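Inspection log for the structure reproduced underneath, given as structure tokens.
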Amino acid sequence: LKSSSVARDSTGSAMAFSQFSGNGMDLRSLTRSSWPLLLLAIVLVVPEVGGAADVDVDVLIIGLGPVGMILSHLLSAYGVRNTMAIEKTNKLYIGPRAVAWDDYTIRTSRSISEETESWMRWHARLFADQWALACVGLKSGPAAARIGACDSYDTQARWRMNAMVSTRQPSVYFHQPTWEGWLRDGLSNLSLDVSLSTEVLETAIVDGICQVTVRSSSNGDGASEERPNKTIRARYCVATDGASSRTRRQLGLSYEGQTFPDQPWLVVDTEVHDVEYLKTAWIGQEGSGFIMNPTCPLVYILTPAFFGEWWAEADAEAAAQTESPKGSAAFRQHRDEALHRMAAVRLPKVKPEGNQTKSDDTDTPLVPPGTHFRFEFLVPGNMSEEEATSDANVDQLLRTCAEVDPRFLEIKRVVVYTFHARRAEKWRLGPVLLAGDAAHCMPPFQGQGMNSGIRDAANMAWKLSLILRGIADDAILDSYEPERLTNLQQVTDASVLLGRIVMVENPLLAHVRDVTFTFGNWLRSTFPFLDGIQTVIFVEPPHILSEASLLAQGYDQQVAGRLLPCPDVWLRDDPSMPQPLDKLVAPNGFTIILVSGPGVDPLKTVLKATARSLDFLRLLGASSLAVAPFDESTSGSGDALKGAVEASVVEGLGGGGRCIDSSGRWTAWVKRYRLEGRLLLVRPDRYIFGAFADVDSAVLRLSHLLRSPGAPPGGAEPQLVGGGEL
């Protein structure tokens, strides 16, 4: 009776949750004399229920850029149905802004759907080897930084694009309009009310409800038609409406930080379709990177704009070969085979050379026709925007600085960008949350702007789901900003620093930088154990450090807040080839992972839990899995899985499975944090909630924090939600 969201929940979770409530009433136990008390309770509760229920939607998403669309998909995957998304424009923005997914963004796709994960992982599989690694050229032009040549130049420093992740695979370049088109098309499959050409006029908080007044100029059929203003009442509003967020400004939240007006960059987006030119030009044989010439700093990036056409072609071929429905295992198998054949014919065979990638066929361009190339030039301080974007200046920069022939380039967009490093003073104000550029922005040199916004969406989506299902208290959203802030500040500082390294125009300072890079290369070649150290910049995988986080706290919880590693493991279902650990992790719920240790055999141990703990875990959509350590005597094969028991890792809890570390990475990580014999509870966003001795202890701690997220670690002994004991 306390939570209106429980009263309105249609998933059945409210009924299950009530079993945990020590304060709940059992109507069957009421006598006739008790009915007056019940009527009095109804009178007292109805105003609260009516006030919260008097809303149009549970979640209103303002802005359908990549962050807004990812949040829409995630909320749907978590079972949030009463959702609406509004966007002021009617069409996708065709100009690419973001250019790279990091590892976490790709992992997040699994929480959306198997189809989305397949799209992104196929993209990564095809292009990570060719384009993920890039050179940093010092002084020389692009031709001197050709792939395969980095290690032969003393003034070259190796630059790994996976400095931000290190959990599974490097960052992967992608073409944003193609990907956004895929996400936008997928919105039609969700229980989501989408309103395009809809502008926000006013945002206010009235009686704890987010109230948004909008004006739409579309009749739903694409035709322009002014419609009367409409007010939408939502339990929660998430503003993903960009750096100039009207929502943020209307709520009076400042956007604090710094702007770099004296360091504008000219962005030239192009496509190349001429195969013969790509065979001879350096851009046909190279990845992406930085050319830190003090007279003409340059960033060049290439993305596969053609991948959407490949996918559609493979889809059509699969549909012609099988009657199985799209999305089925048989359909995906046919599509995968089609993509394999395309890649074999259309992409050159490549081989690693040093820390780079080189084509075996010198007559075949490393990149196919239709590749999108972006060139970014530092604009001199005395040049106006009009001069910078003029045809004459663009032509000169492409010829002299980028060393390419503009006649073979189809110019898609020319724009001047001024970079910012800012964040909102608050990311939550009552029922309103800010995410993506509306909450923060940073220079693009680390490729983390959009990826940081997707981390925002992943952090808040599962929390909103638990609140709307009546499982968790609204206060858990207070952990959103503290949990994200540490990593955000880390990547923002790294982006600013890298920008300063790239943009050095003073010849003397550039010389000092070059000498430093050269010395780093010498150290790496002289002392092989230093090879993994990045000479440019290195950032640890993002982890949560705030005490205000939704994590288990304590001296024995060093692993809490760490991102779950994603090593390759042997699976029972497919022992022929290692698969990522994420295959066994619950895509939309919590996961219990059993770690090997003294007296604990992950292939045979079955964990016990009380019935109430199991009910709570099922309510959370949890699954369980066990990871056996790497065995050098078997060369990491999965043969030992043949002796694994068939039973679930946690008795009575399905999902997951048993697997074996295939590379030793998981085993080394377990030893590093002394996790032998313990079990891990992993949140839906892949961050580790904590390490525990048994299932009941994990459930006890989690249920306590979901209802009392601000409770100090040393407080009273926690109980299951609503009271009672295990």
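Predicted model only: the values in this text are computed from it and were never measured.
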Between atom [atom1] of [X] and atom [atom2] of [Y], what is the distance when rounded to the nearest 0.5 Å?
X	Y	atom1	atom2	answer
Leu433	Cys210	CG	SG	9.5 Å
Leu681	Leu702	CG	CG	5.5 Å
Ile112	His73	CD1	NE2	6.0 Å
Met450	Asp102	CE	CG	7.5 Å
Leu74	Ser109	CG	OG	10.0 Å
Leu192	Ser76	CG	OG	7.5 Å

Are the side chain of [X] and the backbone N or O of [Y] linked by a donor-acceptor pair below 3.5 Å?
X	Y	value
Arg235	Val57	no
Arg701	Ser703	no
Asp56	Arg233	yes
Thr591	Ala586	yes
Ser624	Val650	yes
Arg110	Val585	yes
Glu483	Leu550	yes
Ser324	Ala330	no

Partners of [X] by salt bridge (Lys or Arg N to Asp or Glu O under 4.0 Å), sequence neighbours excluded?
X	result
Glu676	none
Lys608	Glu651
Asp556	Arg678
Arg658	none

Hey, are [Y] and [X] close enough side-chain-wise for a donor-acceptor pair under 3.5 Å?
X	Y	result
Asp696	Ser613	yes
Tyr104	Asp685	no
Thr116	Ser113	yes
Asp568	Ser662	no

May I ask you to say whether [X] pairs ionically with [Y], meaning some side-chain N is under 4.0 Å from a carboxylate O?
X	Y	result
Arg469	Asp58	no
Glu114	Arg121	no
Arg107	Asp582	yes

Closest contact, heavy atoms only, [X] versus [Y]:
X	Y	result
Gly63	Thr240	O-OG1, 2.7 Å
Pro629	Ser596	CD-OG, 3.4 Å
Arg484	Asn487	NH1-OD1, 3.3 Å
Ala438	Ala239	CB-O, 3.5 Å
Ser623	Leu584	OG-O, 4.1 Å
Met460	Ala435	CE-CB, 3.8 Å

If we only count heavy atoms from C-beta on, is the [X] to [Y] side-chain gap below 4.5 Å?
X	Y	result
Cys237	Val212	yes
Ile688	Tyr673	no
Leu434	Leu429	no
Arg562	Tyr687	no
Gln211	Thr203	no
Ser118	Arg335	yes
Ile592	Leu617	yes
Lys463	Ser479	yes

Exercise. Report the C-alpha distance between Thr105 and Asn451 in whole Å, list the side-chain angles of each, state the deciding distance to 0.1 Å, and finish with yes or no for side-chain hydrogen bond (donor to acceptor under 3.5 Å, both in side chains).
Key: CA-CA 6 Å; Thr105 293; Asn451 290 296; 2.6 Å; yes
Quiz item: For the side-chain contact (heavy atoms from CB on, under 4.5 Å) test, which of Ile86, Leu183, Leu187 pairs with Leu64?
Solution: Leu187
Practice problem: From the options Leu571, Val569, Asp661, select the one residue that forms a side-chain contact (heavy atoms from CB on, under 4.5 Å) with Leu581. | Solution: Val569
Quiz item: For the residue pair Phe692 and Phe689, does the interplanar ring angle fall in the parallel (under 30°), tilted (30 to 60°) or perpendicular (over 60°) class?
Solution: parallel
Quiz item: Which class fits the ring pair Trp119 and Trp101: parallel under 30°, tilted 30 to 60°, perpendicular over 60°?
Solution: perpendicular
Quiz item: Yes or no on side chain to side chain contact (heavy atoms under 4.5 Å, CB included) for Thr83 and Asp193, after CA distance, side-chain angles and deciding distance?
Solution: CA-CA 6 Å; Thr83 307; Asp193 184 5; over 6 Å; no
Quiz item: For the ring pair Trp182 and Trp179, is the centre-to-centre distance below 6.0 Å?
Solution: no
Quiz item: Does Trp427 have its ring centroid less than 6.0 Å away from the ring centroid of Tyr480?
Solution: yes
Practice problem: Just do the side chain to side chain contact (heavy atoms under 4.5 Å, CB included) check on Val645 and Leu603 with the steps written out, would you? | Solution: CA-CA 6 Å; Val645 299; Leu603 300 182; over 6 Å; no
Quiz prompt | Test side chain to side chain contact (heavy atoms under 4.5 Å, CB included) applied to Arg618 - qualifying residues, sequence neighbours left out | solution = Leu614, Asp615, Leu653
Practice problem: Keeping to residues at least two apart or across chains, list the ring-ring contact (aromatic ring centres under 6.0 Å, His included) pairs with something in residues 454-478. | Solution: Trp462-Phe590
Quiz item: Can Leu75 and Ile61 be said to form a side chain to side chain contact (heavy atoms under 4.5 Å, CB included), step by step?
Solution: CA-CA 11 Å; Leu75 288 175; Ile61 300 170; 4.1 Å; yes
Exercise. Please lay out, stage by stage, how Asp474 and Ile476 fare under the test side chain to side chain contact (heavy atoms under 4.5 Å, CB included).
Key: CA-CA 5 Å; Asp474 168 270; Ile476 69 171; over 6 Å; no
